[in-house]
Each structure stands twice: as structure tokens, then as C-alpha cells.
Peer 1: 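One structure, pasted below without further comment.
In what follows, chains are A, B, ... by sequence order, proteins preceding strands, each numbered from 1.
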Amino acid sequence: MKLFEYQVKKIMREFGILVPQGEVFFDLEQAKNHLEKVGEGVVKAQVLTGGRGKAGGVKIFSNPAEGFKLAEAILKMTIKGERVRAILIEEKIPIEQELYLSIFVDGRIKKPVIIASKAGGVDIEDVPEEEILKLPVDPLIGVRNYHGNIVAQKLGLSGDLGKQLTALLINLYRIFETYQAELVEINPLVISREKLIAADGKMTVDDDARFRWPGDLPFNEEKTPLEKRAEEIGVSFVELDGNIAVMANGAGITMATLDLIAYFGGRPKNFMDAGGGANAEQMAKALDLLISTNPRAILINIFGGITRCDEVAKAYLTVKQQREITVPVVIRLVGTNEDIGVKMLQEAGVESFSSLREAVIKAVELARVGGDN
Amino acid sequence: MKLFEYQVKKIMREFGILVPQGEVFFDLEQAKNHLEKVGEGVVKAQVLTGGRGKAGGVKIFSNPAEGFKLAEAILKMTIKGERVRAILIEEKIPIEQELYLSIFVDGRIKKPVIIASKAGGVDIEDVPEEEILKLPVDPLIGVRNYHGNIVAQKLGLSGDLGKQLTALLINLYRIFETYQAELVEINPLVISREKLIAADGKMTVDDDARFRWPGDLPFNEEKTPLEKRAEEIGVSFVELDGNIAVMANGAGITMATLDLIAYFGGRPKNFMDAGGGANAEQMAKALDLLISTNPRAILINIFGGITRCDEVAKAYLTVKQQREITVPVVIRLVGTNEDIGVKMLQEAGVESFSSLREAVIKAVELARVGGDN
Amino acid sequence: MAIIITEETRIVVQGITGNQGRFHTGKMLEYGSKVVAGVSPGKGGTEVLGVPVFNTVQEAVKITGANTSILFIPAPFVLDAALEAMEAGIKTIVIISEHVPLHDALKIMRVAQAYGVTVVGPNTFGVISPGIAKVGIMPNTIYQKGPVGIVARSGTLSYQIAYELTRAGLGQSTVVGLGGDRVVGLSLAEVILSLARDDETQGIVVVGEIGGTAEEEAAEVIRHINKPVVAFIAGKTAPPGKRMGHAGAIIERGRGTYQSKIDALWNAGALIAEVPWEVPVLMKSALVK
Amino acid sequence: MAIIITEETRIVVQGITGNQGRFHTGKMLEYGSKVVAGVSPGKGGTEVLGVPVFNTVQEAVKITGANTSILFIPAPFVLDAALEAMEAGIKTIVIISEHVPLHDALKIMRVAQAYGVTVVGPNTFGVISPGIAKVGIMPNTIYQKGPVGIVARSGTLSYQIAYELTRAGLGQSTVVGLGGDRVVGLSLAEVILSLARDDETQGIVVVGEIGGTAEEEAAEVIRHINKPVVAFIAGKTAPPGKRMGHAGAIIERGRGTYQSKIDALWNAGALIAEVPWEVPVLMKSALVK
């Protein structure tokens, strides 16, 4: 889960990293008094996507009235499809230099890596490789003073600033560990009046380690009502813009099914990954949900491993019994308890496929028959 | 440094390990009220040496008067040359079973090792190897639940007692790490009313990690005035019962010098290890101290490495200038700046040796000349 | 010989008394795998399907000579279980569990490196060397002993491909599931190298997907081996930035796209199957040459 | 070839700007050791006796190709310095510092094992291969190139023995100080084995002392080697239970006594010198045979 800048900065402050003074506001009324008080500063849109600066989500104001106007505008913005959920009003700090610093988990070498560059304030992907330090950290040892020395050297920081960097880096790693982060990023890390200050902060924390996060982090990512419903059922669900709904079990096979639909000229409307081992009840609910999205056709593609084909058949028959299914459903069943599942369907007069190819072709055909769109 | 039982138990209590209720007393008057209050219990001598039980340092009392008598006697005891410095008055707990558990640093495998045995309450050295579990701990990983499972299995503890053991073991390792211990030992660890209770506790902490110990641990080891003085100077000093005082630089050469004195029929009175790199001032003070012990002869055996021979010569000449040295001093000088040192001595009319053999023989001879003892 | 799972494989099931552990122990036994022990603290002395259960891995190893462990352990306890296995001398660990905390996976892989242990997963379907044994949760029925090694990032899709291969008369030497998490033990490139060195393997199938750069790194290895490689990559039409079920499938920053993977593999000499049923066709024609 | 310190040894001095670091850098240079770099955070860009100083070991390794590090670092910072060296790719670390916390030594040795690094010390006088180089603080003048390898637990006593050997015309291949702490890197047995395999070494001198069981373990190794071993053990008359300057010399529980060491070494075929000057005599007669 990604955190908002204001959340990241609150954490950084708690861990002894300097950040600009600022306050977060979720509506305009609350912000008003504060704007009067501070007079000037920066209004920053709080969104989880990047690139808000270019989208106009960060603005400087030099009097309360201007601040109010900006705050009003920014709070109404939608940036890359994400509505602005709050604004952070911060002091404006003098910037002598902008640096880049982050710690992230590098799956290739299976270690946390410290990334540092003198080129801060820009997209790190755009910085040439040779200007970037990538320093792996042994996860059993963590970040120690010498890592600070190496990074300070690369950033050209010496004397007191070098010492500040080392302390900051060690604190950043403490955050990284404490919040079980995948990424903690300061971009830019600015030198301001001889202090290192985190002018921005990004953080992605590992949802699988939620039970270790200190305190309660709110769920930040907004879900559509359909996604929320899918989450309740315990399956993952993504909306697309075609007309064939897909249910499959496993991320790879789900993606491959979408690819095959496209390969035969169809367009997926949404898909549901029932993952490993969903039971009949879950699957019935998931199917119900898919039907409620009014697709032109539904393709159920199950290769039974932990998921059992008889459970899938049972789920389908349960739903069929409970409600009228007007949308054509193509069922492909292979794997664990295939024979039982196929027989259950046959006895209920439902056709099923064992060939993935035939099933996909059939689904695409049915969706086409169902209408132009 | 070794800790007293009462200190160990205080730490254990803080770390969530069950210990018998008890209080420590440094004089009899203070103990009196407490004895009246508790009525019955155990009086335990607080000494750093082992084997106090056999020496009569642990006694049970069943009424205050008896307790007072025992406390009085024990407080006056000296056990293996160590005077009893306090008494611990503890509740007497019913014992269903006695076990052994410790964690110590095994220099051979360079890891902490958990030692556990069903045979508790006896000297672990007397327990046959096959009844002892030795479980190494990876110092980068520490003690985890599965170590607890392995130890519980060996101790025959299951169910709730097994869980207690695991929790206790993890806490014991926390103590081990927090206090930078060389050894933490519970012997016996008793099962009493379905609880695991540390009935005794021993601990040796690493003096080199003193700066990491939480809180202030008092210096427990008693030093003689001479030892204290040597410590102030920054050299190590040990008193023996012969008549030749030895000053050398380094543990190995010091021991070898004592061996050689014995080899040639002499008897060392005390020795001083000036270690690596003592300067002229330190050495002058050390020499002063040696002289003050009134030996029959003094043997200075320096093989200069970090220690420089000129510094040694300078130290000797300084002392010689400041006070009359009536005791014969044999100086053997080899190594770093040997030529300068020897020359300095020669110019002051002081003989020096380069042969260790000759120097030792000379010292033994002089001590013999000096008198019968 | 096959790789990872061989005739010498002696399996201990960690978490054998749980539902999944018990179920898949049965399936592994049915397949002929030598499941010699189970571990479940506090349940030592009992049996599951005739397999003796121990309180600790140490004891299981000592008494049964187990050398390979499979974990059916709730995610928060996987770190402990894996460390226990490694300290007890287990040399191959297959972690089935999903949702293992990322930082725990980092620690496991670091210790495994220090101990010289092979880790498969987490979040994997396991490893099967058909005709010898399986250490995993894949269906028993779709595989057949043969000359094709399969290495896959995702489970069900690899079942589909193995199924197509078997139906086409192409059996498998070893099938390895790498696991769907961001940090896993064996990498695509490592398994390809092992298969390249394996006498029984004549051709290699790579079942990849968008996200990450494992396929691009694997291409560097494929360039240097002499056996035919056929690759199928899922996610050609996946929308950028959407989570496709697990974190490995996030497309970010233009790296790890379908096209970059296909290009890298093609340039390294791999054959690219556009649809799953092309895999056996391409492999057959490559093996004939 | 000599062991540990060879022609290929390129030394970085960690803590080069301190008093000890600076002094012994000079002595090592005088001896002809290739001291190629120093490290002192914040002093990068300066020089000490012509040796370039870097802020980090990483940089020193990158620029100078250093492969061996010697530590003149205050005890509380030794762990950090050793970890830095190992992560920077240094393969031999000589820790001169005394009073390194025991738990830090445990961590250093554990990481060294994982990284395949040789650690000498802590609390050692270092290693010298006469005529090639020294990485340590031993006097420059007492050694001479020759056929005798020396391994010692204590510094000054080993100087004495080397001095006796040199005076008797017996030069040394490599002299290794193990360090006086309870937990040190290389063990007596390991060094003896290396010397046994070293072409240049014809005889081995063990300089031991009471306390611990290193000599008893070394005896097990000595039993299996073909070169003569002469041992001198200090502490025959040391009073039990007294600290003789460092923790290694505590006699406890009847193990590690003078007699147990002498017996073990003798039974393994080592010659025992009763006084230091007997060492060259015994070695000479053994080498003649």
C-alpha cells in the first residue's frame, strides 16, 4: 500500500528526520484559519500517483487569499484519475541543493538497496546510471555508519552535512524496517540552511506485513464498489472496458485468458482471479458479482489444482438455481476432480469444455452474437 | 564480570522470567524485620564463586529466630576466600523437578550455545554428555520459537510447560544480548506448581561491552588495594606468594617468565602485565608499585613491540632518580628501540640483559642472595 | 537425473497437521514422493497418513534423514519455519505459503545463501520431477516423464502448458514453480542453467509473465545454452498499472513489458509461443532438428 | 608461497589517521608491505606517509585494488569497520584492536563465514611472511625468511620465540598471531593445517598458553600432518583461576591446563619445548631427520 506524503512525513518526523513544517487538511474550511496564520507557503495535493507537480497539484502562495484560492482549486482536482483527497500546507523552505535518496527492495539481488544521487527533484529513471549509487544492504546487518559514509561521499556531503546524512539514512532504514516497507523515498532531499530536509516523501508498505505496522495505518487505496465487494468475497477483481467477463484461477492463467480473448478478437470487460483454492461458496458469490456487471458473455476458465472442478460446477449450479442467468456462460474445466465437475454439469444440462482454445473461441463468438458492443 | 544472584534475579524479573520472591540484605539489622514478616524461607549467601551450597551458604529456616541465626552466621562467612557480601532471603518453593538451562559463548564454534539438561541442580560438568543438549544459535538470527521447541523436547516439557520454556528461553536470550553476557545460567530451573521458576541465576557479562549495559551495574569483583592501584595505572597486577616481582609486557611472555623463574628454582611474588604500548610514565608508576611490595628482586622482561625499550629505560631511570631503589632490579631489554634503551641504561651505569635465560638466572640468584625467604 | 527433486529427495512436511499440509501430504504420497516426516510442534509422536510427526525439524532430520522440506505454514510463521529447517540441515526448501512478508523473504534468502540452501518460492506450486517425486501442490495427473524442463512464474498457467505438452506426447524432466512474490529463492535464470546442465532435459519451456525483469535476465543465460528454449509470456493485453492478482505483475516504468520480454528472449534465440498450445508444436519442431 | 600474506597482498589500513594507525603504517611500509590505501571517514583525499586516504573502504578497494585490511579502530567501532571491509570485498581482515566486545566478535565471525572472509584477531599482533610483507604490529627486525611457520596465541612471547629461531639460523615462512580474545577468527588448528599445506613451510612452531582448548583441538590436526611440530606452552606455573592479562588465560574446570595441553600435543607427535630457547634446538634436530 502506498502512503500519502503527509503520512510519510509524520512518520519521518517521529523517526527524527527533518521535514518542512506543515499541516494536512481534508476540507477547505479547516484550512482557512491555518492559511491566515501562516500567510505564505506551499499547497500540495495529496494523491498516491506520481507526477502531481506537472499536473498542477503543487503551488506556492504568498498571501492567505491566494492560498485559499489554490487550496480550493487543488482540492477539487483529479490527478491521473485519482481525486485529490487532502492538501498539505507547508512552509516554503530555501533550497540550496536537491538530492535523491531512497531504500527499496530489489527482488533481483534479494536485498534492500540504497539508491542515492546528486540529481534530486527529478524522476530518478531519467538520471543516467553513472550518476546513481546503488548500495545493497545485508538484511541481517542493516544500515550502519559506513553505509552513510559511502552515500555521503556519492552525494558530495562532508563535515556536518555528511554526519546528518548518516544519521538520516540510519533513521530511514529504521522506518523501512519498522513499517516493513517495499520503498521509502525522499525526492528531493534538500540542503536548506545547512540542514538536510526531506521536502517530499513516498512510501510503499508491504500489505502482507500489515500485522507488524506500528499503530493503525488507514487503508489508502480507493476501491470501486465492485472491487470492494470482490475483496469481501476474497477474490481479486479488475474492471476493463470490453464485454466479456472472465473468471479464472491464478494470475498467470487469468492474464493468458485475457490475451487469448484478444487474440481471437474479443474484448474482456473485467476479470476475476479466484486464486488458489476458492471454495464453492466464494465462487458462487464471485460469479454473482460478475453477472451483475452485465457482460455480453462470461468465460470461466479453471485449471484445477488446489481449486477443485466439482466446487466450480457446484458454484455455477448454485447460482443458476438461485437466479435466472441471461448472459451466456462458457465453462472450461480441467484438472482436479474434472470428471466429477463435468458430470455434475452434464446432468444439469450444462455444456463444458476441456479445450481452452475452443472455450475462448466460443466466448468471443457469443459476445459478438450478443450485440455490437 | 560476574553478577551476584540477586542482581541476576532482578534482571530476570525485569525480563519476564519467574523467580522466587525474595529480598537482598547487606546487613543483619535490615534483614530482621523482613525475617519477622516472612516467617520462613531460605537464606542464601551472595558470593561470586560457585559451590556455596556445599560450603553451607544456603540454609532453610522455619521461624524468624532461626532465620536470624542463619543470616547472622552466613553474613560472617568466607566462601573459597571470598567474604559473603550480602544475603538473599527468599521464599521456599515446592520443587517438582530440577532442570538445567544456560546460554554461553562457545569460542570454538564462535556462536552462542544453548545448554539444556534434565539433570538440574547439580554441576553440569558432572552430567554425562548424552544427557546434555548443546544447541548453537546463529548470532545474526538469535533465539526463536523453534529453539524453544527443540529445548522443550529435550527437557521433556510439553503443553503449557513447553510454551513457558520457549518464552523463558527467548527472554533469557534477550538478557544475554542486552547485557552482552558471556554466560547466563539457570541451575536449577525448577518446575513448581506448573510454573517454570529460575531458582538460581548466574551471569557473566563482558567488561569490554560495559558501555552497552543498560543502567549502571556496580563493580562486583573485589580488588586488593594493590590491584586497584594497578588498575588506575592501567596495567594488570596479580599477587602471588614468592619473592621475585615480575614486570613483563603481554600475557604470554608474563606467564612464560613466571614459568622460567620456577624452572630455575625461584618463586614469583607478584607480576605485572604492562600489556601493549604502556608509556614511560605508566611504567614508572608500575615500577614504583612493584618496589612498594618489598620483593627480594625485581625482574623486568621487555620484548619491545608496541612497547618501546627506550620508554622502559626512561621509566626505570626516572624512578631511580626519584627514590632510592634498594631491591636489586634485573632488566632484560630486546626489540623496538633496544639500542637506544640499552645505551640510556649503560650511560646511567645500569646493566641490562638481552638473553632472557641469563636475566632469569640472575634474578633468581639475587633473590636467593637477598635472604632465605 | 532431473533437477532439485531427485531419487534422493526425502521430504519433511512442515505444518503437516493443518488442512493443506494433510491434504497435500496425501497427494504427494499418492504420487510416490518419499514423504518421510512431518513437523508440528506439540504433535510429535502422532502420525498423519502413516507419516511420523515430530515436534522439531531437527529431530525429523535426525531420525528420518529428511533433506527437503515443504512448508504449509501460515505466512507470519514462515520465517521461523524456514530458519528452523535451514539450521536443522535441510538443503532444499519449498515454500508454498502465500502472503509471506517481504522482509521475511529477504531474511530467508540471505540465510539460505549463507547456509547453501536452495529455496523455491514463497507462493509457489512447488517442484515436480515426473515419475520420481513431487514436492508441491500441482495436480498429479497432468505430468508425464519426458525430455522437457519447465520453469514457470505462475502455477495454473504452467499446468495448462504442461497439460498441452503431455497431450502432445512431450513429457517433462522437472517442472519448477518459482513463486509469484517479489522476492523468491531460485530465479528463472538459475533454473534455466540447471536444466541446461541436466542430462535428462532436452528442451526448456519458460512460462513467464509481464512485470519484473526475470525474463530479460534469463535471456542473458539462454544466449549461452545449447538446448532449445520455447517461451510463453502472459499479459500481452494486460492494462498497465493494474495489479493482476499478485505483485509480480505490476507494470511500472516501462520495464518488464510484454514486448521487452519477447524481444529479449527472441534475440537470445528462444522460440516464442503466441498461444499456449503453440508451445508443444514449437518444442517438437526444435527437438527434431 | 607463505600463507595468508603473500605477494598478492594489498593492504588497506582502517583507522590510518589515528596514532597507532599512522605509526604502524610507517613500520609496515618500512618492511616493504604494499600498503595501498588508508580509510578514515571525513579525511578522504588526504595522504598519510604517501598512502592515499579514502572515506570508505569501498572506494579504497575500487581505486587501489586492496584485498587485505588491518584495523586500528577503537573497540566499539570495530564491528562496523569489519562489516564495511567485508561488504566492500576485502578477503582478509587483521583486527589489531583490543577490547572488542565479545558479541561484536561473534557477529564479525558469522558474517565472515557467510562472505568467505579470513579474519585474524581481534587482539592480535597480526601476520608476517618475512621477506614478503607484514600486516601487523610485530617488530620488523626479529624475523628472517625461512622454513619455519609459527602460530601463536600471544604476541610478545611469539616475538621471543621468533627471535630465538632467527638467532639459531632458522627463518620463518609465515608467523600468525591468533589473537588473545575468547572469540577470534582463525583457529590454531586451521593455521596449522594451512602451514602443513604450504610448500615453503618445513616445520611448525606452536606457541600456546593455558586456558581454552585450542591446543587440544590442534593436537587432533597435528596427528595427521607430516611436518615436525614443536610446541611451547606458557603458564605451567600460573595459579589456577587468576586472570593472566586476558580472558583466554583463565583456567577453569580442570580443562585447558598445562598438563592437558602438553599431553595432547605430545601424544599427537609434537615435540615439547620446556623453555623458549629449546624451540630452535628441537626444530633443528627434527628438520635434519
Peer 1: State, with a plain yes or no, whether a side-chain heavy atom of Arg182(D) is found less than 4.5 Å away from one of Val105(B).
Peer 2: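 With C-beta onward as the side chain, the pair touches.
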Peer 1: Which answer fits Phe303(B), side chain, backbone, both or neither, if we ask what part of it has an atom under 4.5 Å from a heavy atom of chain D?
Peer 2: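 Phe303(B) touches chain D through backbone and side-chain heavy atoms alike.
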Peer 1: With a cut-off of 6.0 Å (strictly less than), are more than 12 heavy atoms of other residues, nucleotides or ligands near CG of Asp241(B)?
Peer 2: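 Check fails, neighbour count at 12 or below.
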Peer 1: Considering only heavy atoms and a distance below 4.5 Å, find which of Met109(D), Lys236(D), Arg110(D) pairs most often with chain B.
Peer 2: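 Maximum pair count with chain B is reached by Arg110(D).
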Peer 1: Can you tell which part of Val334(B) gets under 4.5 Å to a heavy atom of chain D, answering side chain, backbone, both or neither?
Peer 2: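 Side chain only.
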Peer 1: Heavy-atom cut-off 4.5 Å, strictly under: side chain, backbone, both or neither for Ile233(D) against chain B?
Peer 2: backbone
Peer 1: With a cut-off of 6.0 Å (strictly less than), are more than 12 heavy atoms of other residues, nucleotides or ligands near CD of Glu220(D)?
Peer 2: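 Count over threshold, so yes.
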Peer 1: Which bit of Thr49(B) is near chain D, if near means a heavy-atom gap under 4.5 Å: side chain, backbone, both or neither?
Peer 2: neither
Peer 1: How about NZ on Lys343(B), more than 12 heavy atoms from neighbouring residues, nucleotides or ligands closer than 6.0 Å, or not?
Peer 2: no
Peer 1: Which atoms of Asp259(B) come close to chain D, meaning under 4.5 Å heavy atom to heavy atom: side chain ones, backbone ones, both, or neither?
Peer 2: both
Peer 1: So, Thr166(D) and Gln172(D): side-chain donor and acceptor under 3.5 Å apart, yes or no?
Peer 2: yes
Peer 1: Between Glu239(B) and Thr224(B), does a side-chain hydrogen bond (donor to acceptor under 3.5 Å, both in side chains) hold up when you go through it step by step?
Peer 2: CA-CA 9 Å; Glu239(B) 292 173 74; Thr224(B) 65; 2.8 Å; yes
Peer 1: What residue, out of Pro112(B), Ala262(B), Pro139(B), has the most heavy-atom pairs lying under 4.5 Å from chain D?
Peer 2: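 Of the options given, most contacts go to Pro139(B).
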Peer 1: Does any heavy atom of chain B fall under 4.5 Å from the side chain of Met138(D), the backbone, both, or neither of them?
Peer 2: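 Contact with chain B: none, neither part.
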Peer 1: Using non-hydrogen atoms only, which part of Arg212(B) is less than 4.5 Å away from chain D: side chain, backbone, both, or neither?
Peer 2: side chain
Peer 1: Got a donor-acceptor contact below 3.5 angstrom from the His147(B) side chain to the Val137(B) backbone?
Peer 2: no
Peer 1: Val78(D) and side chain to side chain contact (heavy atoms under 4.5 Å, CB included): which single residue from Ile95(D), Leu83(D), Ile96(D) fits?
Peer 2: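 Testing Val78(D) for a side chain to side chain contact (heavy atoms under 4.5 Å, CB included) against Ile95(D), Leu83(D), Ile96(D) leaves exactly one candidate, Ile95(D).
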Peer 1: As an exercise: rank Ala181(B), Ser355(B), Gly304(B) by heavy-atom pairs under 4.5 Å with chain D and give me the winner.
Peer 2: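 Most pairs with chain D among the choices: Ala181(B).
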Peer 1: What part of Phe237(B) gets within 4.5 angstrom of chain D, counting heavy atoms only: side chain, backbone, both, or neither?
Peer 2: neither
Peer 1: Chain B heavy atoms under 4.5 Å from Phe125(D): which part of the residue, side chain, backbone, both or neither?
Peer 2: neither
Peer 1: Go through the atoms of Leu102(D) and report whether side chain, backbone, both or neither lie under 4.5 Å from a heavy atom of chain B.
Peer 2: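 Leu102(D) touches chain B through backbone and side-chain heavy atoms alike.
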Peer 1: Measure distances from Val100(D) to the heavy atoms of chain B and classify the residue's part below 4.5 Å as side chain, backbone, both or neither.
Peer 2: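 Contact with chain B is through the backbone of Val100(D) alone.
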